[in-house]
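Side chains included, hydrogens not; waters and symmetry mates left out as well; all remaining heavy atoms used.
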Amino acid sequence: MATAGAPRRFCRCACFCSENLYVARYGLHLRFRSEQQLRQDYVPILRSRGCISPQDFQQLLAEDAALAPEFLAAAEYSASPGADLQGLLQRLETLSEEKRIYRVPVFTPTFCQALLEELEHFEQSDMPKGRPNTMNNYGMLLHELGLDEPLVTPLRERFLQPLMALLYPDCGGGRLDSHRAFVVKYTLGQDQELGCHYDNAELTLNVALGKAFTGGALYFGGLFQAPAALTEPLEVEHVMGQGVLHRGGQLHGARPLGTGERCNLIVWLRASVVRNRFCPMCCREPDLVDDDGFGDGFTRDEPTTVDVCALT
């Protein structure tokens with residue numbers, strides 16, 4: 001029998017990245033929120049199972065933590081009572097106060113390497129692959145690898161949203177409800193640079209995953225609606241594991257690659273409460289068309305289901 005109300009949305013618990021992490025070497029399930037918490041809760045049992053020296057403990061952190069301690073600390077602060085913008089900025093690197101562009105370590109080097117290896121395996125497989133976006137010809141969509149729900153959704157819901165709520169409250173930072181995540185690849189003979197553009201997103205996270213390369217720096221201008229938006233652009237070098245946070249409407253691009261290969265994870269963060277009123281691409285009220293998954297982050301009200309039996 002049908003019941004009244006909007007259709008249910010199935011969800012996951014936000015604990016995915018921090019609770020019940022299994023460390024095979026020590027045969028132990030761990031809860032990880034920070035290095036200090038891990039030491040306080042688990043040092044005695046870890047020592048009893050062979051994690052004795054400081055080197056053993058540091059190797060444990062490197063192998064089993066995907067998220068950098070600095071990122072965890074910034075997200076934990078942002079979600080704490082009384083958190084404010086000035087307190088958060090003490091935990092981030094401000095690349096441009098005027099342009100509101102920031103940087104923070106997001107992933108550990110070990111995780112970056114593991115993700116790159118997974119991407120290479122997928123690239124060499126016969127699985128169908130879509131283009132990351134209309135600008136990049138090489139790279140892949142994380143949902144095609146099955147990494148959207150286990151990795152990007154909890155990253156957005158638990159860690160990025162508290163950060164963005166303080167950094168960009170005027171851009172829907174506290175109301176993020178969808179994303180598009182993809183990896184872009186730059187190498188000689190393929191994509192080598194990216195022209196000036198803005199993103200189809202309210203906010204963007206750009207994380208350098210690595211490989212060896214020269215050149216390819218990011219550059220940032222003003223907002224795309226602003227006159228003389230590319231006057232005195234800001235240049236930002238890539239640092240493996242570190243993420244650059246900026247508004248989607250910030251004009252930006254990538255300088256030509258010199259040598260090697262560069263891979264970056266891009267997460268377009270979207271807030272339907274903002275984009276339902278104004279499409280950032282056509283600059284008009286959106287003309288909604290049904291799509292799969294998150295679509296382009298727009299939402300429409302679903303019709304409620306009426307309990308017919310209750311009306312008779």
Open item on the list: For Ala217, is there any backbone N or O sitting under 3.5 Å from a side-chain donor or acceptor partner on Glu237?
Closed with: no
Task: Ser53 side-chain N/O to Asp56 backbone N/O, donor-acceptor pair under 3.5 Å - done: yes
TODO: Examine distances only and state if a side-chain atom of Tyr102 and a backbone atom of Leu167 form a donor-acceptor pair shorter than 3.5 Å.
DONE: no
- [ ] State, with a plain yes or no, whether a side-chain heavy atom of Arg156 is found less than 4.5 Å away from one of Val267.
- [x] no
Open item on the list: I'd like to check the side chain to side chain donor-acceptor pair (under 3.5 Å) partners of Glu120; sequence neighbours left out, ordered by chain and number.
Closed with: Lys211
- [ ] Report the residues that fulfil side chain to side chain donor-acceptor pair (under 3.5 Å) with Asp287, sequence neighbours left out, ordered by chain and then residue number.
- [x] none
Open item on the list: Given 3.5 Å as the limit, does a donor-acceptor pair link the side chain of Thr214 with the main chain of Thr259, or not?
Closed with: yes
Task: Set of residues satisfying ring pair (Phe, Tyr, Trp, His ring centres under 6.0 Å) with respect to His197, sequence neighbours excluded - done: His252
TODO: Sequence neighbours left out, what passes side chain to side chain donor-acceptor pair (under 3.5 Å) with Asp170? Give chain and number order.
DONE: Arg100
- [ ] Compare all side-chain heavy atoms of Gln242 with those of Val104 and state whether any distance is below 4.5 angstrom.
- [x] no
- [ ] Find out whether the Lys NZ or Arg CZ of Arg91 is both under 6.0 angstrom from the six-membered ring centre of Tyr77 and within 45° of the ring's axis.
- [x] yes
Task: Flag for His246-Asn206: side-chain donor and acceptor within less than 3.5 Å - done: no
Task: Close side-chain approach of Val106 to Phe159, heavy-atom, < 4.5 Å - done: no
Task: Flag for Thr299-Asn276: side-chain donor and acceptor within less than 3.5 Å - done: yes
- [ ] Would you indicate whether the side-chain heavy atoms of Trp268 and His179 approach each other to under 4.5 Å?
- [x] no
Open item on the list: Is it true that Gln113 and Glu117 share a donor-acceptor pair across their side chains at a distance under 3.5 Å?
Closed with: yes
TODO: May I ask whether Val239 and Leu95 are part of the same hydrophobic cluster, defined by side-chain heavy atoms of I, L, V, M, F, W, Y residues being less than 4.5 angstrom apart, directly or through others?
DONE: no
Table please: side-chain donor-acceptor pairs of residues 66-74 below 3.5 Å, with sequence neighbours left out.
none

Task: Exercise: identify the closest heavy-atom pair between Gly248 and Tyr198 - done: O-CB, 3.5 Å
Open item on the list: Can you confirm whether more than 12 heavy atoms, excluding those of Glu235, are under 6.0 Å from its CD atom?
Closed with: yes
Open item on the list: Looking at Thr187, is its backbone amide N or carbonyl O close enough to the side chain of Glu261 to form a donor-acceptor pair, meaning the two atoms are under 3.5 Å apart?
Closed with: no
Open item on the list: Run the side chain to side chain donor-acceptor pair (under 3.5 Å) test against His238 and tell me which residues pass, sequence neighbours left out.
Closed with: Arg262, Asn264
Open item on the list: Quick check against the 3.5 Å criterion: does Thr108 have a side-chain atom that pairs as donor or acceptor with the backbone of Phe111?
Closed with: yes
Task: Contact summary for Pro280 and Arg275, nearest pair of heavy atoms - done: CG-NH2, 3.4 Å
TODO: Check the side chains of Arg247 and Gln250 for a donor-acceptor pair under 3.5 angstrom, ignoring hydrogens and angles.
DONE: yes
Open item on the list: Under a 3.5 Å distance rule, please check whether Arg270 uses its side chain to pair with a backbone N or O of Asn200 as donor and acceptor.
Closed with: yes
